[in-house]
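Here is the structure we will look at, set down as structure tokens.
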Amino acid sequence: MHQPFNLDFTLNSGQTFRWRKVDESWYGVIGSTAVKALQIKDKLILKANEALEEDIVLRYFGLKDDLLKIYDSIDKDQHIHAALKAYRGLRILKQDPWETLISFITATYTNIRRVETTLGELCRRFGVASMFNKERVYLFPTPQAILSHGLKGLYETGLGYRAPWILEAAKIVEANPDLLPSLAEQQYEEARLTLLNKKLFKGVGNKVADCILLFGYGKLEAFPIDRWVRRSLVRCYRQLFDTELISKLKDKSFTTTAYNKVRLKMIDYFGGYAGYAQQYLFTYERLGSNSLNP
DNA sequence: TGGCAC
DNA sequence: GCCAT
């Protein structure tokens, strides 16, 4: 197998919300195929309920990234070094853009556990069910499925004030089938502008856009800055910023202007794989160095 | 800048 | 973390 790889770190690092661990196995969906994934030592064992191209699997789990080369390029200081060591094998997934869009709109101003519950409910109600062994797995609902249930149905999933945003997103994607695929053709900064400047989707700001581009499109320079990354930057990377920017990183005055200054500085610092650096700093800050107890 | 569905 | 003000 492509090394290094750690399935638990990858699926527990806040980039995906729908994988479920039962005993030693993870149940989830790749494309529209229900799968069971299990890592034993260096082997990734994949069982699917229908034919699934190996290429699709490699792509999904980020196994096509040359992780050692990436480590080499971002291993710039003792802080990132410790994070890379603690979470060695953590990879950035390449998830479905539509699911990623809705997931990260849902993930603002809450915690991961609640996002998991809400998205689980969304999929349970609106998604196509499929069985794997004794585990029931739901596909992520299509825009059409969401539209057919309407706003009331969305509210019942616990989406709260995001319900209308999700409905609106479904309308936009349904009306423009080429929109999400076209972002894949664009470079990171261009795709980012498409998402943000046109104010395409309600609920998609700086951070959510960067998450979508990183986890849904594999734009590996994207550097999403959330509260954990902010904490990490204040704690370990103070020297890269002036005191004004540091104080903004610490509180609510973290505006778009500040976000962009920090983002560009970090991409400049870590280079084209800044997104990987971000994911390790995020996980290290959130879960600590005790990687056995995530 | 403050308020926010569950 | 984003939106509306």
Side-chain angles (χ1 to χ4, degrees), chain A residues 13-18 95 97-126 141 146 149-173 183 191-217 219 222-234 241 244-267 274-275 278-279 281-283 285-286:
Chain A
S13 62
Q15 58 179 317
T16 187
F17 305 100
R18 299 227 306 120
Q95 303 174 74
W98 162 246
E99 175 171 351
T100 311
L101 167 70
I102 299 306
S103 296
F104 283 93
I105 289 177
T106 305
T108 59
Y109 190 54
T110 18
N111 52 279
I112 291 176
R113 216 176 54 207
R114 216 171 72 73
V115 177
E116 290 173 346
T117 309
T118 305
L119 291 177
E121 198 59 17
L122 182 74
C123 295
R124 191 179 68 76
R125 288 165 177 263
F126 303 159
I146 286 179
H149 287 86
L151 194 54
K152 267 186 195 140
L154 281 176
Y155 275 118
E156 288 167 5
T157 66
L159 247 8
Y161 60 84
R162 301 178 194 79
W165 300 351
I166 306 279
L167 186 71
E168 193 183 308
K171 283 180 189 162
I172 293 169
V173 170
L183 292 179
R192 196 173 191 281
L193 289 179
T194 309
L195 240 25
L196 295 177
N197 275 13
K198 300 179 181 170
K199 286 179 155 274
L200 254 181
F201 300 106
K202 282 217 177 72
V204 178
N206 290 300
K207 187 267 182 183
V208 172
D210 280 329
C211 287
I212 294 167
L213 294 170
L214 181 57
F215 305 129
Y217 288 94
K219 312 283 188 205
F223 193 91
I225 305 166
D226 79 328
R227 60 197 190 104
W228 296 107
V229 174
R230 284 164 67 174
R231 235 178 262 186
S232 172
L233 296 180
V234 169
F241 307 103
E244 192 190 332
L245 213 41
I246 287 296
S247 68
K248 288 183 175 173
L249 274 168
K250 286 180 179 167
D251 59 43
K252 278 212 66 169
S253 59
F254 193 55
T255 58
T256 288
T257 312
Y259 185 102
N260 275 319
K261 281 184 188 168
V262 174
R263 172 178 77 86
L264 293 171
K265 167 62 82 177
M266 296 317 290
I267 294 173
Q278 178 276 162
Q279 196 58 15
L281 294 176
F282 168 86
T283 305
E285 196 67 24
R286 187 169 77 95

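Below, read A as the first sequence line, B as the second, and so on, with proteins coming before strands; counting in each chain starts at 1.
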Exercise for the section: May I ask you to decide if the ring planes of A:Phe254 and A:Tyr259 are parallel, tilted or perpendicular, using 30° and 60° as cut-offs? Expected result: tilted
In whole Å, I'd like the distance from the [atom1] atom of [X] to the [atom2] atom of [N].
X	N	atom1	atom2	result
A:Leu122	B:dC6	CG	P	15 Å
A:Arg114	B:dC6	CZ	P	9 Å
A:Asp251	B:dG2	CG	C1'	13 Å
A:Asn111	B:dC6	CG	P	16 Å

Problem - Opening and closing nucleotides of DNA chain C in contact with chain A, under 4.0 Å to non-hydrogen atoms - result: C:dG1 to C:dA4
Handout entry: Lys/Arg-Asp/Glu bridge criterion (N-O < 4.0 Å) met for A:Arg124, A:Glu121
Key = yes
Handout entry: Value rounded to 0.5 Å, distance of CG in A:Leu101 from SG in A:Cys211
Key = 11.5 Å
Indicate, with a heavy-atom threshold strictly under 4.0 Å, whether [X] touches base, sugar-phosphate, or nothing.
X	result
A:Phe201	sugar-phosphate
A:Arg162	base
A:Thr118	nothing
A:Lys202	sugar-phosphate

Practice task
May I ask you to check whether A:Asn197 and A:Arg192 show a side-chain donor-acceptor distance below 3.5 Å?
Solution key: no
Practice task
Would you say whether A:Tyr161 stacks on B:dC4? The test is a distance between ring centres of less than 5.5 Å and an angle between planes of less than 30°.
Solution key: no
Completion exercise
On a heavy-atom basis, the closest approach of A:Asp210 and A:Ala222 is O-CB, 3.8 Å
Exercise for the section: I would like to know whether A:Glu156 and A:Lys152 meet salt bridge (charged side-chain N to carboxylate O under 4.0 Å, His left out); could you show each step before the answer? Expected result: CA-CA 6 Å; A:Glu156 288 167 5; A:Lys152 267 186 195 140; over 6 Å; no
